[in-house]
Amino acid sequence: MSTVSDVSTLARNAVHVLPEGGLVQKLKLGRPLRVKLGIDVTSPDIHIGRAIPLQRMRAFQDAGHVGVLIIGDYTTRIGDPSGRSSERPILDPAEIDRNARTYLDQALIIVDPDRTEVRYNGEWLAGLDFADVLRLTRTTTVSQILERDDFEKRIAAGEPISVSELLYPLMQAYDSVAVEADVELGGTDQLYNLLAGRTVMEAYGLEPQVVLTTPLLLSWDRAKMSSSVGNNIPLTGPAEEQFGRTMRIPDEMLEQWWALVAERPVPRGEPMEAKLELARFIVRRSHGDESARAAEAHFTRVVREGGAPEDVAEHRLPDGDPVHLPAVLAGAFGLSTSEARRLIAQGGVKLDGATVTELDASREGLAGRLLQAGKRRFVRLVASS
RNA sequence: GCAGGGAUUCCCGAGUGGCCAAAGGGGGCGGGCUGUAAACCCGCUGGCUCAGCCUUCGGAGGUUCGAAUCCUCCUCCCUGCACCA
């Protein structure tokens with residue numbers, strides 16, 4: 001089962017495959033390889049960028065190998081002791097479990113459930129005593145750990161780094177020991193951690209894993225796609241939103257997105273059509289054909305033609321007459337009334353397509369009408385009966 | 001331990017007694033334009049019963065007619081020095 005074409009499929013889009021020739025060696029073992037991917041459960045949603053390593057896992061699975069998803073429950077539970085790091089908030093066990101489950105539901109869109117093993121790292125990390133931890137820490141040196149780009153930058157920026165944070169790469173590396181990983185996947189930002197896994201495995205007398213990294217998907221703002229920044233396309237988000245967000249990417253990014261997300265070359269022809277096709281692909285993968293068609297219809301109707309969507313939620317008018325529109329907008333769209341007032345002042349609010357200029361309107365004049373805030377938010381007003 | 005520097009609105013960052021709901025940038029939102037939710041241009045961006053009022057500048061007190069700005073204590077962060085069996 002190890003041929004050159006296998007390797008090129010398995011390592012498609014890969015930035016690093018280390019060591020040189022290591023993957024071929026592993027394939028020659030002639031048994032299903034254990035392909036590890038660590039999961040950060042601090043934020044449960046997977047976006048299409050985080051799905052890229054999962055796509056590699058799927059490729060390995062399709063070739064007969066086993067995917068091992070590691071849920072970093074223990075790592076997360078310990079958190080950052082100062083409790084202040086926004087990157088590593090301490091979560092309670094219930095939330096970790098919930099996040100892990102949410103994560104897995106989404107991951108199954110990409111990976112093969114029959115060939116996936118899910119492990120919680122608390123399983124082995126919780127059992128280590130202090131001597132075990134010291135043994136682990138002896139496998140590396142402070143300067144090696146501080147070499148990591150992330151740490152270097154934070155030191156340069158005068159930001160705090162707690163000692164426990166230095167141990168994260170080691171904990172992650174120990175996961176590889178525990179599951180006897182043959183291959184570990186990750187984004188290029190994980191290169192250091194993945195290589196640390198090799199060092200530690202060797203120190204524990206295991207054959208070190210092969211490291212395979214994939215590029216980080218840049219979003220429409222040319223920054224790394226990230227849920228906390230909000231420039232992400234969630235793997236299970238609403239179809240219409242997935243479609244619209246995909247349409248936001250600049251034309252120059254089409255090539256990278258097609259290669260990484262769809263794993264195909266950009267279709268020839270108009271960039272607009274290539275972008276639409278990419279949006280269809282993304283929605284179809286998550287929600288199926290039907291949803292992809294509906295999402296496109298919605299996009300055409302609302303964004304390209306500036307019309308109202310097909311289905312508009314109803315919103316009950318508050319009591320009283322006349323009705324205070326900022327209050328209605330606040331209730332319908334989750335704005336503050338101050339925001340709503342500004343929106344009206346800027347001509348961003350429409351009733352049945354006509355720009356609203358007054359703050360109050362009669363009950364009768366509002367019932368049954370279509371209220372629009374900006375270009376994409378709509379609500380059908382109904383009188384409470 | 002000693003000495004210095006710092007904590008400002010969603011983020012970064014100016015502001016050192018009244019002209020401060022607080023410069024500037026980012027982000028977000030709205031409008032215009034457009035093949036696109038891109039790019040570009042313009043505007044807005046604490047809350048409210050909105051020509052007025054209320055709350056905000058790490059926390060708690062205090063000085064003052066008046067405090068983001070001054071004082072005291074506290075919490076946290078950074079840097080240097082000292083310490084380092």
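Letters A, B, ... mirror the listed sequences (proteins, then strands); counts begin at 1.
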Problem - Polar pair under 3.5 Å, donor/acceptor by atom type, side chain A:Q346, base B:rG31 - result: no

Exercise for the section: Can you spot which of A:E184, A:E180, A:E117, A:E207 makes a salt bridge (Lys or Arg N to Asp or Glu O under 4.0 Å) with A:R34? Expected result: A:E117

Problem - A:E255, CD: over 12 other non-hydrogen atoms inside 6.0 angstrom - result: no

Exercise for the section: Starting from P on B:rG35, measure out to NZ on A:K275 and report it in whole angstrom. Expected result: 13 Å

Completion exercise
If pairing means Watson-Crick or G-U wobble with both distances under 3.5 Å, then the partner of B:rU9 is none

Completion exercise
Answer for the Watson-Crick or wobble partner of B:rC70, both distances under 3.5 Å, is B:rG62

Problem - Comparing A:E240 and A:G347 on RNA chain B - which has the more 5′ nearest nucleotide - result: A:G347

Handout entry: Main-chain N/O of A:L370 paired with A:D352 side-chain donor or acceptor, under 3.5 Å
Key = yes

Fill in the blank from the handout: In whole angstroms, the gap separating C1' of B:rU36 from CD1 of A:I233 amounts to 13 Å

Exercise for the section: Ignoring the backbone of A:S338, work out which of B:rU45, B:rC50, B:rU36 is nearest its side chain. Expected result: B:rC50

Practice task
Considering only atom P, compute the distance from B:rG17 to B:rA68 and round it to an integer number of Å.
Solution key: 13 Å

Exercise for the section: Take atom CG of A:D251 and atom C1' of B:rG35, then tell me their distance rounded to the nearest Å. Expected result: 9 Å

Exercise for the section: Could you work out the separation of B:rC44 and B:rG13 based on their P atoms and round it to a whole Å? Expected result: 25 Å

Handout entry: Watson-Crick/G-U partner (both atom distances under 3.5 Å) of B:rU55
Key = none

Handout entry: B:rC29 phosphate, OP1 or OP2, under 4.0 Å from A:K375 side-chain N/O
Key = no

Exercise for the section: Could you check how far NZ of A:K350 sits from P of B:rG32, rounded to whole Å? Expected result: 6 Å

Exercise for the section: Calculate, to the nearest 0.5 Å, the distance between atoms CG and CZ belonging to A:D311 and A:R380 respectively. Expected result: 11.5 Å

Exercise for the section: Scan A:T337 against the nucleic acid and name what it touches under 4.0 Å (heavy atoms): base, sugar-phosphate only, or nothing. Expected result: base

Practice task
Would you mind classifying the nucleic acid contact of A:R222 as base, sugar-phosphate or nothing, using non-hydrogen atoms under 4.0 angstrom?
Solution key: nothing

Practice task
State, yes or no, whether a side-chain contact exists between A:Y74 and A:D175 at a heavy-atom distance under 4.5 Å.
Solution key: no

Practice task
State plainly whether the residues A:R101 and A:D105 are in salt-bridge range, i.e. N to O under 4.0 Å.
Solution key: no

Exercise for the section: May I ask which nucleotide in the shown strands pairs with B:rG35, Watson-Crick or G-U wobble, both distances under 3.5 Å? Expected result: none

Exercise for the section: Pick the C1' atom in B:rG61 and in B:rA67, then give their distance to the nearest Å. Expected result: 14 Å

Handout entry: C1' gap between B:rG27 and B:rC12, integer Å
Key = 10 Å

Practice task
Starting from C1' on B:rA38, measure out to CZ on A:R304 and report it in whole angstrom.
Solution key: 13 Å

Exercise for the section: Could you state the atom-to-atom distance from CD of A:E270 to P of B:rG35 in whole Å? Expected result: 11 Å

Practice task
Nearest whole angstrom, please: distance from the P of B:rC48 to the CG of A:L359.
Solution key: 13 Å

Exercise for the section: Using whole Å, report how far CZ of A:R341 lies from P of B:rG46. Expected result: 15 Å

Exercise for the section: Record whether the side chain of A:N231 comes under 3.5 Å of the base of B:rG27 through a donor-acceptor pair of N or O atoms. Expected result: no

Practice task
Just call it for A:E339: base, sugar-phosphate, or nothing, with non-hydrogen atoms closer than 4.0 Å on any strand.
Solution key: sugar-phosphate

Problem - Along RNA chain B (nearest heavy atom to each residue), the more 5'-positioned of A:L335 and A:M272 - result: A:M272

Handout entry: Pairing nucleotide - B:rC19, Watson-Crick or G-U, each distance under 3.5 Å
Key = none

Exercise for the section: Rounded to whole angstrom, note down the P distance from B:rG15 over to B:rC70. Expected result: 12 Å

Practice task
Would you please confirm or rule out a distance under 4.0 Å between OP1 or OP2 of B:rG30 and any side-chain N or O of A:R377?
Solution key: yes

Handout entry: P gap between B:rU9 and B:rU75, integer Å
Key = 22 Å

Problem - More than 12 heavy atoms of other groups within 6.0 Å of A:E305 CD - result: yes

Handout entry: Pair partner, B:rU79 [Watson-Crick or wobble, under 3.5 Å]
Key = B:rA3

Handout entry: Presence of salt bridge, A:R304 and A:E296, under 4.0 angstrom
Key = no

Practice task
Could you work out the separation of B:rG47 and B:rA23 based on their P atoms and round it to a whole Å?
Solution key: 15 Å

Exercise for the section: Under a 3.5 Å limit for both distances, which nucleotide forms a Watson-Crick or G-U wobble pair with B:rG43, could you say? Expected result: B:rC29

Problem - A:R342 vs B:rG47: side-chain N/O to OP1/OP2 distance below 4.0 Å - result: yes

Problem - C1'-based separation of B:rG66 from B:rC76 [nearest Å] - result: 30 Å

